[in-house]
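If you're wondering where the values come from, they're calculated on a predicted model, not measured in any experiment. Just so you know, residue 1 is the first one in the sequence shown, and it goes up from there.
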Amino acid sequence: MRHAFWSRAFACVALLAVTFTAAAQISRGHEILLHHGLQLQTWAFPGVHGHFTMENWEASNLTTPIFIDGAGRGDQFLGPPPGRPWGLAGWQETPTPGELPYLENMITYQFGDEQNVSNAGVRAQFKAIIDYWHANHPNVIVFTNQFGRQIADQHLRTYMAETNPDMLMFDDYVFHGTAPHFGNLPGGSPTRLYTELEKYRVLGLEGNDGTGRLPIPVGLHVQSFVDPQFTTGHHITESEFRLNMFAAWAFGVKLTSAFIYDNPGPLGSALGTILFHGPGDTNPTPFFNVFAEVNRESRNLGPALIRLLSTDVRIASGRYRRPNEEEIRAIPLPNRLRAWAQDADPYLKTITAENLGTENHGLEGDVVVGFFRVLDESFDGLASNQRYFMIVNGLSSLHASGTAANTRQRIRMTFDFGASSITALQRMSRETGLVERVPLTHEGGSIYTLDLELDGGTGDLFKYETGARFVGDPQYGGAVAIEGPTVRFEGQRIVLSVEPGHTGYVWHHNGQPLSDGGRFSGASTATLVIDPAEGADTGTYQCFFDHPEMEGVQMRTSFLTLVVWPEHETPAATAATMAALALALGGAAAWLLRRRRRAY
């Protein structure tokens, strides 16, 4: 019995020793976004119209309005200081006296717009501004915005190295309908947007120092306006808008900003929102509901996306036919992008698509595949090198019939798991925000398949089911803390605790619920007390409690393993070793808890 115990105990120490991984540094921009969550922002103009309709704002499922200097701050939205989350864009350089009380909840500041950062004078100006904000208001993400093709890569690298922006941001409004100078997007594939997303993805991963040790986040302005010049009068369709958003997530974007929310009036000339009729934000258009639903689905993926870092993007190209031609052609592969191939992933071997409708002449569209790892290994506990991937249906249509349903595709994926024990996937549900198991069809041996149906422009986020938890899982309730080491003696008092402030606490021992009585107290609270401990208390402990924001959803902690040793059976010669083991395991638990606090 003693031999088996010591074998297990020292095996635990050995396991902990080989799985400790130093926490990576995280850039300022990523740290701030981890605190605030995935950002779905928009440029709003309440100062122009004198009001802000809170009911419509809540219905939009956006996270943050961006107010433009000179266009009013939107005090009706902010309320009393410190107010709600907000951001600023413009040329004012420093906060106004009226903005200072609200800086606690200010998330982003975009200085200027599309300025030429290849110019040394422009860089010097921004360097002074960002130095001011870093020194005086360090919890605000400060950046500039460039047009996608505006600045060459080498000049952007110089800009990053000299000014140290917290984020890269760009705009490229590519959905122009049948405009001849843009051309019909082949198969509804915005290849130019993909090229620019890849450009900024790579630059963001390199970080400001170019080494890749400290990546910075990337943001994208998305198309929610119509204009005779900048969209050639084209009203973006449902499938196009979905693709604008979900392609961004697949490329690792952490912030989207819908340009624009409401009409800017004289500030924007012919610029018009597609979200509201007339001036202001009181009369939503039918497209507002499409917009709100895409935002809702995106926010449900947010807890995972904000904790992931892009590692690769591939395109499985579809086919198209030019107007008035019969020849069927492959959709051109975007510049900078690599075609899907088996070397992209150790398990995913083939991807094929089937168009379930008649858009694009019934031909299959692209499939966009984005790969990720966790931003910091502490975010998923002792697990390491977990692989995540997003599958996006890249079929969209510029026509009024280009709804998400009319551009739906069935995407078949074939997996070869080899000698691994993987037989299923996990997915973070766009509908509920919860992690769900995705069973696969076993084709024989180590081969499995999945037939996935996705609306046009829509993406799903997956992870291989390895036993490690899905990063950002809203049902994860953190680690169980213990006062003292996890190896104890009979007769001692043991105190376990979890995050306080919740309801519906239920403690479990070896999978069975506990209740107060005898040696146990606090079984329905955040703190469980075992006094005095007995050998039978050895085993795993876990606590369940209610999610504070998701009705009917339970959160659960990771397992804590406790060993209670009968003191009279402990050989005197091994007492010192036992004490050392207890200290080692206790230290490991403390290390894990410190890492857990960094996981937000």
Side-chain angles (χ1 to χ4, degrees), residues 27 29-30 33 38-41 143 145-149 153 156 167-175 185 188-207 212 215-223 240-258 294-295 297-298 301-302 304-317 331-340 344-345 348 351 365-375 387-396 428 430 454 456-462:
S27 68
H30 279 301
L33 289 173
L38 191 74
Q39 289 294 292
L40 285 81
Q41 301 187 346
F143 58 95
N145 174 71
Q146 275 64 54
F147 179 65
R149 298 172 295 164
D153 295 38
L156 282 171
M167 184 175 74
L168 295 176
M169 186 87 177
F170 77 99
D171 62 70
D172 200 353
Y173 308 114
V174 301
F175 299 100
L185 301 181
S189 181
T191 54
R192 194 181 84 185
L193 177 61
Y194 294 157
T195 295
E196 301 308 327
L197 281 167
E198 179 67 3
K199 169 182 174 177
Y200 279 87
R201 184 187 76 88
V202 170
L203 289 168
L205 290 174
E206 291 178 1
I216 64 173
V218 173
L220 172 69
H221 286 286
V222 296
Q223 188 171 328
E240 289 175 330
F241 182 74
R242 280 187 167 271
L243 189 53
N244 206 174
M245 293 286 285
F246 281 100
W249 307 140
F251 277 80
V253 166
K254 296 291 191 291
L255 178 154
T256 59
S257 182
V294 175
N295 292 339
E297 294 176 18
S298 296
L301 301 181
L305 291 174
I306 207 67
R307 291 171 172 83
L308 294 175
L309 190 69
S310 174
T311 58
D312 192 10
V313 178
R314 300 291 184 99
I315 305 286
S317 296
I331 296 174
L333 185 69
N335 294 334
R336 301 175 184 257
L337 269 294
R338 289 188 290 172
W340 165 258
D345 185 84
L348 181 54
I351 300 175
D366 285 344
V367 178
V368 181
V369 189
F371 293 99
F372 306 87
R373 65 170 177 84
V374 291
L375 179 63
R387 296 184 64 86
Y388 294 77
F389 61 97
M390 176 173 271
I391 302 293
V392 178
N393 172 6
L395 179 61
S396 72
M428 183 163 277
R430 288 178 287 107
L454 287 172
T458 304
D460 270 349
L461 181 63
F462 295 95

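In this structure the side chain of T458 never reaches within 4.5 angstrom of the side chain of N393, judged on heavy atoms. Under the 4.5 Å side-chain criterion, counting only non-hydrogen atoms from C-beta, N335 is not in contact with Y194. Using a 4.5 Å heavy-atom cutoff, the side chains of F241 and V294 are in contact. When side chains are defined from C-beta on, F251 does not count as touching S310, because their heavy atoms never get closer than 4.5 Å. In this structure the side chain of V368 reaches within 4.5 angstrom of the side chain of I315, judged on heavy atoms. A 4.5 Å side-chain heavy-atom check between L309 and F372 finds every atom pair outside the cut-off. For the pair S298 and F246, the minimum side-chain heavy-atom distance is below 4.5 Å. You'll find the side chain of E196 stays beyond 4.5 Å of the side chain of V174, heavy atoms only.
Listed by chain and residue number, L40, V222, M245, A248, W249, V253 satisfy the side chain to side chain contact (heavy atoms under 4.5 Å, CB included) test with T256 (two or more places apart in sequence, or in another chain). Checked against side chain to side chain contact (heavy atoms under 4.5 Å, CB included), D153 has the following partners two or more places apart in sequence or in another chain: R157, K199, R336. Partners of D345 under the side chain to side chain donor-acceptor pair (under 3.5 Å) rule, at least two apart in sequence or in another chain, are R387, Y464. Applying the side chain to side chain donor-acceptor pair (under 3.5 Å) rule to E297 yields the partners R242, R430; only residues at least two apart in sequence or on another chain are considered. Legend: residues meeting salt bridge (charged side-chain N to carboxylate O under 4.0 Å, His left out) with R373, ordered by chain and number and at least two apart, are absent. T195 is linked by a side chain to side chain donor-acceptor pair (under 3.5 Å) to nothing, counting only residues two or more places apart in sequence or in another chain.
When each of D312, L333, V313 is paired with R338, the side chain to side chain contact (heavy atoms under 4.5 Å, CB included) condition holds for D312 and for no other.
Closest non-hydrogen pair, Y173 versus R192, comes out as O-NH2, 4.3 Å. Contact detail for P190 and G188: the closest heavy-atom pair is CD-O, 3.3 Å. Looking at every heavy atom in both residues, M167 comes nearest to P217 through CG-O, 3.1 Å. Of all heavy-atom pairs between R201 and T311, the closest is NH1-C, 3.5 Å. The two residues S27 and P215 have their closest heavy-atom pair at OG-O, 2.9 Å.
Checked by atom type and distance alone, the side chain of Q223 never pairs as donor or acceptor with a backbone atom of N244 at under 3.5 Å. Side chain of D366 to backbone of S189: no donor-acceptor contact under 3.5 angstrom is found. Listed for the K254 side chain is no donor-acceptor partner under 3.5 Å among the backbone atoms of R307.
From I331, atom CD1 reaches atom CG of L395 across 7.5 Å, with rounding to the nearest 0.5 Å. Atom NE2 in H30 sits 8.0 Å away from atom CD1 in I216 (nearest 0.5 Å). Atom-to-atom distance recorded for L255:CG and I306:CD1 is 8.5 Å, nearest 0.5 angstrom.
Ring geometry, F371 versus F389: the interplanar angle falls from 30° to 60°, so the pair is classed tilted.
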One pair to check against side chain to side chain contact (heavy atoms under 4.5 Å, CB included): L461 and L308. What are the steps and the verdict? CA-CA 11 Å; L461 181 63; L308 294 175; 4.2 Å; yes
Given the rule in the side chain to side chain contact (heavy atoms under 4.5 Å, CB included) test, do L220 and D171 qualify, once you have shown the distances and angles that lead to the verdict? CA-CA 6 Å; L220 172 69; D171 62 70; 5.7 Å; no
